[in-house]
There are 2 protein chains.
Amino acid sequence: MIRCIKCNQVHAITKSGIVRGKQRYRCKDCNLFFTFPDKEGKPTPVRQQQAPTIRDIATELNISKSTVSRALQAHSDINEHTRNAVIDMARKLNYHPNLLAKSLVNKKSNTIGIIVPEFVNYFFPTLIIGAQEVAARAGYNVIICQSQESAKTEVANVNVLLSSRVEGVIVSMTKETKQYDHFRTFEKLSIPMVFFNRICEPLDTSRVTVNDYEGAFKGVEHLIKNGFTKIAHIAGPGNLLLSHNRLKGYQDALKKYRMPINDKYIIPYNLTDSHARKCAQKLLQLRDRPDAIFCLNDVCTTQALLVAKEMGIAVPQELGIVGFGNNPLSAYIEPSLTTIEQPVHEMGRVAMDILIDHITKGYGQYTPVHRTLATKLVVRASSVK
Amino acid sequence: MIRCIKCNQVHAITKSGIVRGKQRYRCKDCNLFFTFPDKEGKPTPVRQQQAPTIRDIATELNISKSTVSRALQAHSDINEHTRNAVIDMARKLNYHPNLLAKSLVNKKSNTIGIIVPEFVNYFFPTLIIGAQEVAARAGYNVIICQSQESAKTEVANVNVLLSSRVEGVIVSMTKETKQYDHFRTFEKLSIPMVFFNRICEPLDTSRVTVNDYEGAFKGVEHLIKNGFTKIAHIAGPGNLLLSHNRLKGYQDALKKYRMPINDKYIIPYNLTDSHARKCAQKLLQLRDRPDAIFCLNDVCTTQALLVAKEMGIAVPQELGIVGFGNNPLSAYIEPSLTTIEQPVHEMGRVAMDILIDHITKGYGQYTPVHRTLATKLVVRASSVK
DNA sequence: TTGAAAGCGCTAACAT
DNA sequence: ATGTTAGCGCTTTCAA
């Protein structure tokens with residue numbers, strides 16, 4: 001039984017948040033906020049303005065909450081005069097609708113989740129920008145989660161999004177993800193998913209990728225045509241389809257030009273900066289050193305170049321390099337890097353477009369689509385002797 | 001009066017979201033989801049699993065909602081056996097607590113808002129990573145907003161965060177922000193704010209910045225000591241305190257070494273890539289061309305270097321360049337860039353630490369702090385003849 | 001230790 | 001055109 005520390009009554013007390021770990025109460029009658037002291041001493045009154053609600057507007061104008069609600073939603077059955085009064089009062093009180101309450105009653109959170117492995121490396125932040133543009137235009141908020149390349153964190157991310165009652169999700173998996181039960185929960189609840197870049201093959205969802213196979217093929221073919229004969233590949237983690245596709249593109253290009261495929265020249269890379277260095281070092285210390293490297297992504301391309309420079313290996317004369325991604329650094333680093341360009345912004349926009357389409361159509365009213373965006377070979381200094 | 005299309009009764013019908021723009025209903029008795037067809041034809045049944053609620057768990061176990069709620073919160077007054085049964089059932093039903101409902105009743109959203117002008121350029125994404133790390137550890141979700149350097153969008157961002165009932169905000173203003181009423185709303189509602197990097201002077205909130213003045217001073221001093229005598233400055237927008245501080249540092253360094261301050265050598269830059277180019281061009285086309293440039297940030301530093309290269313001006317022999325920020329590109333571009341390093345990750349972590357401290361302490365229980373982080377001069381090729 | 005009931009801020013069916 | 005009422009999923013008092 002809580003009594004107001006001012007008027008001493010008991011019936012108008014509500015809880016109102018937690019302050020310094022202690023329950024704060026509010027007396028509706030005297031509009032006083034207070035907590036109770038730990039042991040002795042006087043109670044600490046805490047004055048704090050609460051965000052106004054439609055109820056406040058209604059009281060102020062002596063009308064009902066529903067009328068206020070209708071006025072605010074520009075409902076048709078509302079008197080122009082009443083509406084204006086409500087809108088004015090809302091502005092005057094600095095009213096902001098409580099999205100939590102709205103979502104709860106509408107069973108619609110207006111929120112979309114995005115899960116990416118990281119966002120340091122140009123690709124994911126850029127993609128998110130594209131996706132957010134589209135979402136914002138459609139009136140959706142976005143919750144961005146970083147799985148930090150950890151499958152465990154990814155599961156936690158999924159739980160957060162589930163609890164936030166997102167209406168759809170856009171995902172690029174971690175390099176460790178091999179189990180998909182967490183994603184299946186979305187499926188069960190008919191929450192549409194769009195995978196991009198690092199897609200989940202076993203799940204029948206929409207996907208947005210670039211043409212990894214063709215990009216890799218073009219990159220390696222370009223090296224071959226420029227006279228490189230011992231072409232190595234720094235390859236990606238085995239659980240990611242894009243690793244396989246790029247590897248396949250590499251292999252098929254070699255096959256097409258009847259060049260041997262040397263297993264020693266294919267080296268798996270775990271996507272960390274430090275490991276990229278090691279992979280490059282390992283390749284360049286081989287007895288029969290490759291004269292070119294096709295790299296899985298921008299990060300390892302940069303590292304390969306740096307390692308080559310450190311070892312005094314001239315690029316492109318003694319070592320041709322082709323990367324994948326075309327991040328801004330590729331153009332500025334010396335020598336500038338030949339690379340496979342992918343439309344990152346567009347990828348984000350397309351993924352979000354598809355997701356919103358699915359959300360709008362609703363369960364059972366859409367079929368998953370697989371969009372493959374085009375890549376482009378950008379020739380720079382690192383691959384032309 | 002809505003009737004179930006299957007059992008024809010009327011009392012067990014609830015709304016259940018919107019499908020294809022049409023209201024979907026659910027009959028609780030037959031657990032059938034349906035919508036009504038537009039004109040004629042049969043109704044379209046839509047089967048869709050709803051997320052389970054504590055009610056589902058309660059029904060399943062033949063206990064009350066309150067008991068379930070208590071069990072799930074590890075409340076003390078609960079039978080061990082009951083708790084386990086509830087937890088098992090929760091897992092079995094794949095229950096995820098509805099954060100919207102929870103937040104509504106607790107008046108605590110567990111959400112923090114971040115507003116940044118953009119996130120293409122290394123600085124902001126990196127900072128957000130730091131901030132998110134801390135927030136995640138403290139159990140807070142984060143809503144990230146991009147104001148896109150537009151004051152109008154920034155106001156919209158604030159409204160979104162207000163409606164999402166965030167418990168605190170971290171902000172870096174746009175280059176246009178000159179009016180602060182939107183931020184004052186947070187103040188009125190006692191929602192703590194922490195500004196970083198681009199702070200809002202008139203507001204008495206916590207701030208995290210780097211030592212812009214000192215950084216600039218050191219950078220310019222370094223140029224002077226390396227024999228540069230006609231040092232220009234590409235300066236920032238006037239509404240940002242950091243622009244003034246860096247400019248002041250530049251001016252004071254010149255003064256200290258009794259060098260003239262030439263107004264033609266101070267050129268305002270609006271933070272866009274294309275304008276950075278123009279500023280550099282303008283400086284380098286001056287009759288009395290400067291022999292060094294101290295640049296406001298990484299973006300314009302890069303552009304200055306590129307323009308110099310295009311014009312055939314040798315860096316550092318004919319033009320010394322010092323930047324501010326030390327993004328990864330600075331080290332890789334040729335010649336590598338001397339720059340003022342700022343601890344970006346840490347800045348994010350510190351800002352979030354302070355914010356969470358404020359949130360935890362509660363209104364009136366904390367005083368705003370101003371934290372200034374140290375910068376460091378990183379000497380590379382672009383400034384040493 | 002448990003259940004019943006009220007209420008968080010909002011929308012919408014229904015009554016007026 | 002407006003008010004009344006119920007309910008979204010949850011927590012918390014109060015009563016048992």
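Just so we're on the same page: letters track the sequence lines, and every chain starts at 1.
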Rounded distance in Å - [atom1] ([X]) to [atom2] ([N]):
X: Lys108(A); N: dA12(C); atom1: NZ; atom2: P; answer: 12 Å
X: Tyr95(B); N: dC10(D); atom1: OH; atom2: C1'; answer: 7 Å
X: Ile57(A); N: dT2(D); atom1: CD1; atom2: C1'; answer: 16 Å
X: Arg55(B); N: dG7(D); atom1: CZ; atom2: C1'; answer: 11 Å
X: Lys107(A); N: dA12(C); atom1: NZ; atom2: P; answer: 13 Å
X: Arg83(B); N: dT1(C); atom1: CZ; atom2: P; answer: 10 Å
X: Glu80(A); N: dT2(D); atom1: CD; atom2: P; answer: 11 Å
X: Asn106(B); N: dC8(D); atom1: CG; atom2: P; answer: 19 Å

For a quick check of understanding: with a heavy-atom distance under 4.0 Å over all strands, which category does Ser69(A) fall into, base, sugar-phosphate or nothing? base
ask   = With sugar-phosphate meaning primed atoms plus P, OP1 and OP2, does Ile54(A) contact a base, only sugar-phosphate, or nothing at under 4.0 Å between heavy atoms?
value = base
Residues pairing under salt bridge (charged side-chain N to carboxylate O under 4.0 Å, His left out) where one sits in residues 159-172 of chain B, two or more places apart or in two chains, turn out to be Lys108(B)-Glu167(B)
Ranking Ile78(B) and Pro52(A) by the position along DNA chain C of their nearest nucleotide, the one closer to 5' is Ile78(B)
Parallel, tilted or perpendicular: rings of Tyr366(B) and His358(B) (30°, 60°): parallel
Numerically ordered, the residues 96-104 of chain B set in heavy-atom contact under 4.0 Å with DNA chain D is Pro97(B), Asn98(B), Ala101(B), Lys102(B)
[X] side chain near [Y] side chain, heavy-atom distance below 4.5 Å:
X: Glu154(A); Y: Phe183(A); answer: yes
X: Tyr95(A); Y: Leu72(A); answer: yes
X: Ile114(A); Y: Met352(A); answer: yes

CZ (Arg55(B)) and OG (Ser69(B)) are apart, to the nearest 0.5 Å, by 15.0 Å
Practice problem: Return yes if some donor-acceptor pair links the side-chain N/O of Ser163(B) with the main-chain N/O of Pro97(A) below 3.5 Å, else return no. | Solution: yes
If each end axis of the helix from dT1(C)-dA16(D) to dT16(C)-dA1(D) is fitted on five C1' pair positions, the angle between them, to 10 degrees, is 40°
Report, one line per pair, each donor and acceptor closer than 3.5 Å where one atom sits in a side chain of residues 134-141 of chain B; sequence neighbours left out.
none

Review point. Where do Leu161(B) and Phe186(B) land on the side chain to side chain contact (heavy atoms under 4.5 Å, CB included) test, with the steps shown first?
Key: CA-CA 10 Å; Leu161(B) 296 183; Phe186(B) 289 123; 4.3 Å; yes
Across all chains, not counting sequence neighbours, the salt bridge (charged side-chain N to carboxylate O under 4.0 Å, His left out) partners of Asp56(A) are none
Short heteroatom pairs, N/O only, protein and nucleotides 4-6 of chain D, under 3.5 Å:
from, atom 1, to, atom 2, distance (Å)
dT4(D), O4, Ser66(A), OG, 2.8

Does OP1 or OP2 of dT12(D) have a side-chain N or O of Gln73(B) closer than 4.0 Å?
yes
